[in-house]
Amino acid sequence: MLGRLFVIGASFAMAAPVMAQSAANPIVADMPRDAAHPARLEQVRYPTGGVQVPARLFIAAGAGPHPTVLLLHGFPGTELNLDLARVLQRSGWNVLAIHYRGMWGSPGPFSFGNTIEDAHAAIAWLRSPAAAEFGVDTKRIVVVGHSMGGFDAAMLGDDAQLAGYVLISPADVTKLFSAPVTQKARAGFAQSAVSINATLDSVTADVRTHGAQWDWAKRAGQMKGRPVLVLTSDDGLAPVGEAAAQAASAAGGPKAMIVHMTTDHSFNDQRVALATTVLDWLMRNFARP
């Protein structure tokens with residue numbers, strides 16, 4: 001059996017251990033200012049595909065090194081989960097929140113294959129000398145991906161040095177874009193894709209070309225050996241997230257945890273519960289040494 005919890009309201013029983021580690025609760029309160037090593041936000045760029053893509057680096061207060069999250073947004077990135085980034089920053093985590101090529105004005109072409117490459121490139125940057133000055137603990141890098149970002153997080157399962165994975169309503173893009181495309185689907189894509197420099201035909205061609213390499217169960221199984229948290233909602237994608245958790249657990253574990261929340265794809269009315277769940281899981285699995 002997989003670990004499974006159901007969260008209905010914004011209050012969450014697992015929040016107590018997080019609060020016990022700090023006099024203030026980082027979910028709702030600011031931390032005392034560290035004059036020598038203040039929290040800050042940096043604009044950075046990471047190299048991928050021959051271009052430099054912009055990203056936000058939330059740096060935690062205090063002397064490093066800090067455990068660090070790579071935060072991957074979905075398609076097209078309307079929900080960036082930056083409230084979650086701030087909670088993690090207040091809790092002592094650095095957070096690198098990236099864009100991908102060809103999205104929101106970033107240089108280069110957009111494709112699903114490129115988002116996978118961009119996620120790998122962002123991890124490489126976090127391990128590089130360029131990021132060393134920001135106090136990144138390269139042994140405690142955790143990937144947190146939402147929707148398409150959850151797909152990219154699972155595709156990072158082949159990185160044996162990553163410490164853990166959080167998939168928030170992950171979407172298997174190979175399933176979403178491999179079926180014959182209806183006129184309604186085309187209209188929906190056009191509505192969502194105003195901020196990318198790709199067409200529906202180009203992204204479906206990308207899936208047809210590379211989809212076999214992105215087998216969901218196989219790639220999710222590569223997350224084995226690291227803690228995995230999957231959050232699902234009432235958006236119809238819960239079976240995808242559950243399949244990823246099952247694959248990771250079956251491939252050798254440890255047992256993945258699934259948390260279901262009664263909310264929509266963006267967790268609009270469960271933002272506090274979302275942040276509390278992710279933070280508590282991080283604290284339980286990656287306590288400060």
Side-chain angles (χ1 to χ4, degrees), residues 41-58 68-82 84-85 94-128 130-131 141-159 162 165-178 188-211 213-214 216 219-220 237 240 244 265-266:
L41 173 61
E42 296 281 347
Q43 296 180 7
V44 300
R45 290 181 179 272
Y46 69 99
T48 179
V51 299
Q52 297 281 330
V53 174
R56 301 170 178 87
L57 180 60
F58 299 83
T68 299
V69 159
L70 172 62
L71 184 60
L72 303 174
H73 69 70
F75 180 91
T78 304
E79 175 55 67
L80 297 176
N81 291 298
L82 298 185
L84 176 59
N94 292 340
V95 179
L96 179 66
I98 71 167
H99 283 309
Y100 310 89
R101 276 176 279 174
M103 298 189 82
W104 299 97
S106 296
F110 174 84
S111 71
F112 292 128
N114 282 355
T115 67
I116 298 171
E117 291 180 7
D118 296 347
H120 279 87
I123 292 292
W125 184 86
L126 283 171
R127 294 172 177 149
S128 74
I141 298 177
V142 176
V143 181
V144 178
H146 183 194
S147 194
M148 180 190 72
F151 168 79
D152 291 320
M155 297 301 111
L156 283 170
D158 60 1
D159 187 326
L162 285 175
Y165 301 84
V166 179
L167 279 57
I168 304 171
S169 284
D172 179 1
V173 300
T174 64
K175 296 293 190 294
L176 294 175
F177 290 90
S178 61
F189 178 88
Q191 178 70 20
S192 298
V194 293
S195 59
I196 71 170
N197 63 7
T199 65
L200 180 58
D201 290 337
S202 70
V203 297
T204 53
D206 188 32
V207 168
R208 286 194 297 271
T209 301
H210 301 289
Q213 304 169 28
W214 303 336
W216 184 245
R219 296 300 291 267
L237 294 173
V240 176
H265 186 62
S266 292

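Between the CZ atom of Phe112 and the CZ atom of Phe151 there is a distance of 8.0 Å, given to the nearest 0.5 Å. With values rounded to the nearest 0.5 angstrom, Leu237 atom CG is found 12.5 Å from Lys175 atom NZ. The line from OG of Ser147 to CG of Asp172 is 11.0 Å long, rounded to the nearest 0.5 Å. The distance from atom CD1 of Ile98 to atom CG of Asp152, rounded to the nearest 0.5 Å, is 7.5 Å. Note that CH2 of Trp125 is 5.0 Å distant from CG of Leu57, once rounded to the nearest 0.5 Å.
In terms of modelled atom types and a separation under 3.5 Å, the side chain of Arg219 and the main chain of Gln213 share a donor-acceptor contact. The main-chain N or O of Gly108 is found under 3.5 Å from a side-chain atom of Asn197 such that the two form a donor-acceptor pair. Between the side chain of His73 and the backbone N or O of Ala97, no donor-acceptor pair lies under 3.5 Å. Asp118 places a side-chain N or O within 3.5 Å of a backbone atom of Arg101 that can act as its donor or acceptor partner. Between the side chain of Tyr165 and the main chain of Leu156, a donor-acceptor pair closer than 3.5 Å is present. Between the Trp214 side chain and the Met155 main chain, no donor and acceptor come within less than 3.5 Å of each other. Within the 3.5 Å criterion, the main-chain N or O of Gly113 finds a donor-acceptor partner in the side chain of Asp206. Under a 3.5 Å cut-off, the side chain of Asn114 and the backbone N or O of Pro109 do form a donor-acceptor pair.
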Checklist entry - For Tyr46 and Leu126, what are the C-alpha separation, side-chain angles and deciding distance, and is it a side chain to side chain contact (heavy atoms under 4.5 Å, CB included)? => result CA-CA 9 Å; Tyr46 69 99; Leu126 283 171; over 6 Å; no
Item to check | Stepwise ring pair (Phe, Tyr, Trp, His ring centres under 6.0 Å) check, Phe75 with Phe189 | outcome: CA-CA 10 Å; Phe75 180 91; Phe189 178 88; 5.7 Å; yes
Checklist entry - Can you list the steps and then say if Ile123 with Leu70 is a side chain to side chain contact (heavy atoms under 4.5 Å, CB included)? => result CA-CA 7 Å; Ile123 292 292; Leu70 172 62; 3.6 Å; yes
Item to check | From CA spacing to verdict: side chain to side chain contact (heavy atoms under 4.5 Å, CB included), Leu71, Phe58 | outcome: CA-CA 11 Å; Leu71 184 60; Phe58 299 83; over 6 Å; no
Checklist entry - Can you check side chain to side chain contact (heavy atoms under 4.5 Å, CB included) on Arg56 and Leu80, steps first, answer last? => result CA-CA 11 Å; Arg56 301 170 178 87; Leu80 297 176; 4.1 Å; yes
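Two residues are said to be in side-chain contact when any heavy atoms from C-beta on lie closer than 4.5 Å; Leu72 and Thr115 fail this criterion. At least one side-chain heavy atom of His120 sits under 4.5 Å from a side-chain heavy atom of Asp158. For the pair Tyr100/Thr48, no side-chain contact is recorded, criterion being any heavy-atom separation below 4.5 Å from C-beta on. Between Ile116 and His210, the closest side-chain pair of non-hydrogen atoms is not below 4.5 Å. At a threshold of 4.5 Å between non-hydrogen side-chain atoms, the residues Pro54 and Gln43 do not count as touching.
Here the closest heavy-atom approach between residue Ala171 and residue Leu176 is recorded as CB-CD1, 3.8 Å. When every heavy atom of Leu96 is checked against every heavy atom of Ala55, the shortest pair comes out as CD1-CB, 3.8 Å. Here the closest heavy-atom approach between residue Ser266 and residue Glu79 is recorded as OG-CB, 4.0 Å. Taking all atoms of both residues into account, the shortest heavy-atom contact from His146 to His265 is NE2-O, 2.8 Å. Shortest non-hydrogen contact noted between Gly150 and Trp216 is O-CH2, 4.1 Å. When every heavy atom of Ala121 is checked against every heavy atom of Pro47, the shortest pair comes out as CB-O, 3.4 Å.
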